[in-house]
Undergrad: 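One structure coming up, written as structure tokens, with questions to follow.
No hydrogens, no waters, no symmetry mates; every other heavy atom, side chains included, goes into these values. Start at 1 and go down the list; that is how both ligands and their atoms are numbered. For clarity, every value in this text was computed on a predicted model and none was experimentally measured.
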Amino acid sequence: MSSTTQKHPKGLYVLFATEMWERFNYYGMRAILVLFLTKALLLDKVFASQLYGSYTGLIYLTPLLGGYIADRYWGNNRSIIAGGLVMAIGEFVLFFCGHFYENAAIATPLFYTGLGCMIAGNGFFKPNISSLVGQLYPKGDKRIDAAYTIFYMGINTGGALGPFVCGLVGETGRSGDFKWAFFAGGVAMLISVLTQMLFQKKYLKDPEGNALGEAPANAPKWFQKLPVMVGFLFLLSLVTIALVYIDVKVVSYLFYLLLGCITLIAFIVFSDKTLNSIEKQKILVIFVVSFFVIFFWSAFEQAGASLTFFAEEQTNRNLGWFTVPASFFQSLNSIFVVGFAPVFAWLWIKLGKYEPSSPYKMAAGLMLLALGYFWIATGVNGVGAGIKVSMIWLIGMYMMHTFGELCLSPIGLSLVNKLAPVKFGSLLMAVWFTANAFANKLAGVFSALYPENGKTTSFLGYQISNLHEFFMFFVMMAGTASIILFFLSRKLQKLMNS
Ligand code: GLN
């Protein structure tokens with residue numbers, strides 16, 4: 001390929017930086033979330049796990065709304081800046097929560113407010129920044145795949161730096177210091193917003209040189225007025241604060257809400273009379289694939305919950321001259337992505353016509369995830385409670401999980417893009433996000449099975465009384481999903497190409 005076809009518009013690097021700082025904020029905060037809950041707010045692991053599931057589940061649900069509002073009313077740019085500022089507010093509220101952590105009457109409401117703002121803000125930020133990347137190029141441009149790979153590097157540069165910096169300033173062994181992690185996250189979010197504000201006008205242009213991310217011409221102007229936007233985001237944040245609080249403290253409704261969303265979308269799409277049977281078959285593939293990724297992410301996203309408990313309590317982190325904070329382990333996935341994404345990209349090209357089709361790659365991704373858990377299950381086999389194992393088990397596991405991610409995640413998104421009829425593009429992207437939301441909520445449920453102090457937990461009849469059994473649960477789940485998907489792959493491939 002010549003250098004001219006390889007060259008990317010400058011706007012891509014603006015989006016890279018904006019997304020990098022936002023992911024720093026999100027993953028940095030997530031790296032210390034369950035530690036803050038258990039060490040500073042003194043909540044138990046079951047509660048911390050459930051909260052983690054509700055929070056991260058909702059994080060993937062609000063993009064449905066944020067994408068919808070941007071497409072019809074605000075445009076991408078406005079939505080990104082608004083969402084980013086709401087998230088920054090969330091981090092600073094959490095900073096004050098961390099400051100008053102000893103006083104539950106102050107810390108608790110601040111905590112839910114902070115989380116609610118993060119959820120509301122992310123909904124406006126994440127879908128809109130991702131969609132801008134593709135808009136920088138003409139339709140069908142060969143560089144788009146490479147652009148998303150570069151963008152994925154931005155995500156993971158932030159994902160590596162966030163836990164590292166937030167862990168360093170927040171996880172010091174003193175409960176009062178957690179607040180500095182939230183503070184660092186808030187500052188990172190402000191840098192992200194500032195980057196977007198400073199450079200969007202100049203560099204975010206479509207191939208014809210028209211400004212990108214503007215509100216649609218026919219959008220009602222009153223809804224773009226600053227006080228109206230602020231009022232809307234304020235009300236929305238109140239709703240998301242209530243949503244997370246109710247799911248954690250009152251009644252766990254999120255699973256039902258998500259199932260409702262999926263059923264509704266399936267109904268809307270499959271009852272559409274204008275779609276022909278080939279289009280419907282392709283849509284069916286999107287649903288099937290989205291179903292399988294639930295098994296992937298629900299095991300993968302243990303990173304921010306049970307695997308952080310494991311890093312904290314059962315991993316020997318003492319290097320002699322330095323004790324590695326448990327939160328640092330959450331950087332590993334991103335570090336491996338940055339290191340290995342080019343290798344995978346190269347591998348697929350090298351395989352040429354032998355490159356496996358998307359469903360096979362996804363089955364392989366699930367198997368690699370299962371292998372990662374098998375590796376760590378081996379490491380803890382027969383190890384008594386309270387004994388710490390080598391870091392190599394977590395590091396090796398995260399490496400295999402990352403290989404799995406690189407097989408499954410980047411192609412998942414493009415698969416949805418390719419298979420969805422234009423008319424239902426966003427709605428079917430919503431299926432993908434909802435599957436992610438479901439998986440994250442489920443991750444919280446699974447993390448609550450984490451065994452400690454001889455306690456036995458069980459899931460669908462499977463008893464877990466030690467770490468080996470806990471990790472083997474994920475081996476069986478992801479392994480079984482992988483094998484089933486493997487055998488379905490041929491059929492799916494037929495449906496996709498028909
Ligand atoms: N790590 C990626 C991100 O933060 C992908 C996460 C996912 O799709 N669940 O964007």
Undergrad: Considering only protein heavy atoms, which is closest to atom 9 (N) of ligand 1, and at what distance to one decimal place?
TA: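 Among all protein heavy atoms, the one nearest atom 9 (N) of ligand 1 is N436 OD1, 3.0 Å.
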
Undergrad: Contact between F295 and L442 at the side-chain level, heavy atoms closer than 4.5 Å - yes or no?
TA: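 Counting from C-beta outward, F295 and L442 never come under 4.5 Å.
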
Undergrad: Hey, do the aromatic rings of F199 and Y13 have their centres closer than 6.0 Å?
TA: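 Ring centres of Y13 and F199 not closer than 6.0 Å.
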
Undergrad: For E301, counting its heavy atoms only, list the atoms of ligand 1 lying under 4.0 Å from any of them.
TA: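 The list of qualifying atoms is 9 (N).
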
Undergrad: For the CE atom on M197, are there more than 12 heavy atoms of other groups (residues, nucleotides or ligands in this structure) within a distance under 6.0 Å?
TA: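 Not more than 12 within 6.0 Å, no.
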
Undergrad: Polar-atom distance check: K126 versus ligand 1, any N or O pair below 3.5 Å?
TA: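 There is such a contact, yes.
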
Undergrad: At the 4.0 Å heavy-atom cut-off, does F300 count as touching ligand 1?
TA: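 Per 4.0 Å heavy-atom rule, F300 does not contact ligand 1.
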
Undergrad: Taking only heavy atoms of I155 into account, list the atoms of ligand 1 that are under 4.0 Å away from them.
TA: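 Atoms satisfying the 4.0 Å criterion: 3 (C), 4 (O), 10 (O).
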
Undergrad: Decide whether Q302 and S306 meet the rule of one side-chain donor and one side-chain acceptor closer than 3.5 Å.
TA: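 Indeed, the side chains of Q302 and S306 share at least one donor-acceptor pair under 3.5 Å.
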
Undergrad: Between R23 and ligand 1, is there a nitrogen or oxygen pair with a distance under 3.5 Å?
TA: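 Yes; the residue has a nitrogen or oxygen that sits under 3.5 Å from a nitrogen or oxygen of the ligand.
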
Undergrad: How are the rings of F182 and F36 set relative to one another: parallel (under 30°), tilted (30 to 60°) or perpendicular (over 60°)?
TA: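 Perpendicular, since the angle between the ring planes exceeds 60°.
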
Undergrad: If you have a sec, work out which protein heavy atom is nearest atom 2 (C) of ligand 1 and how many Å separate them, to one decimal?
TA: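 Nearest neighbour among protein heavy atoms for atom 2 (C) of ligand 1, to 0.1 Å: Y27 OH, 3.8 Å.
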
Undergrad: Among F151, Y60, Y152, which one has a heavy atom closest to atom 6 (C) of ligand 1?
TA: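 The option holding the nearest heavy atom is Y60.
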
Undergrad: For N156 and ligand 1, does the shortest N/O to N/O distance drop below 3.5 Å?
TA: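 By distance alone, the answer is no.
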
Undergrad: Side chains of Q50 and S54: donor-acceptor distance under 3.5 Å anywhere?
TA: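 Side-chain D/A pair, Q50 to S54: absent.
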
Undergrad: Hydrogens and angles aside, do Q330 and T308 bring a side-chain donor and acceptor to less than 3.5 Å of each other?
TA: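 A pair is found: one side chain offers a donor N or O, the other an acceptor, under 3.5 Å apart.
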
Undergrad: Could you tell me whether W297 and ligand 1 have an N or O pair separated by under 3.5 Å?
TA: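 No; the residue has no nitrogen or oxygen that sits under 3.5 Å from a nitrogen or oxygen of the ligand.
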
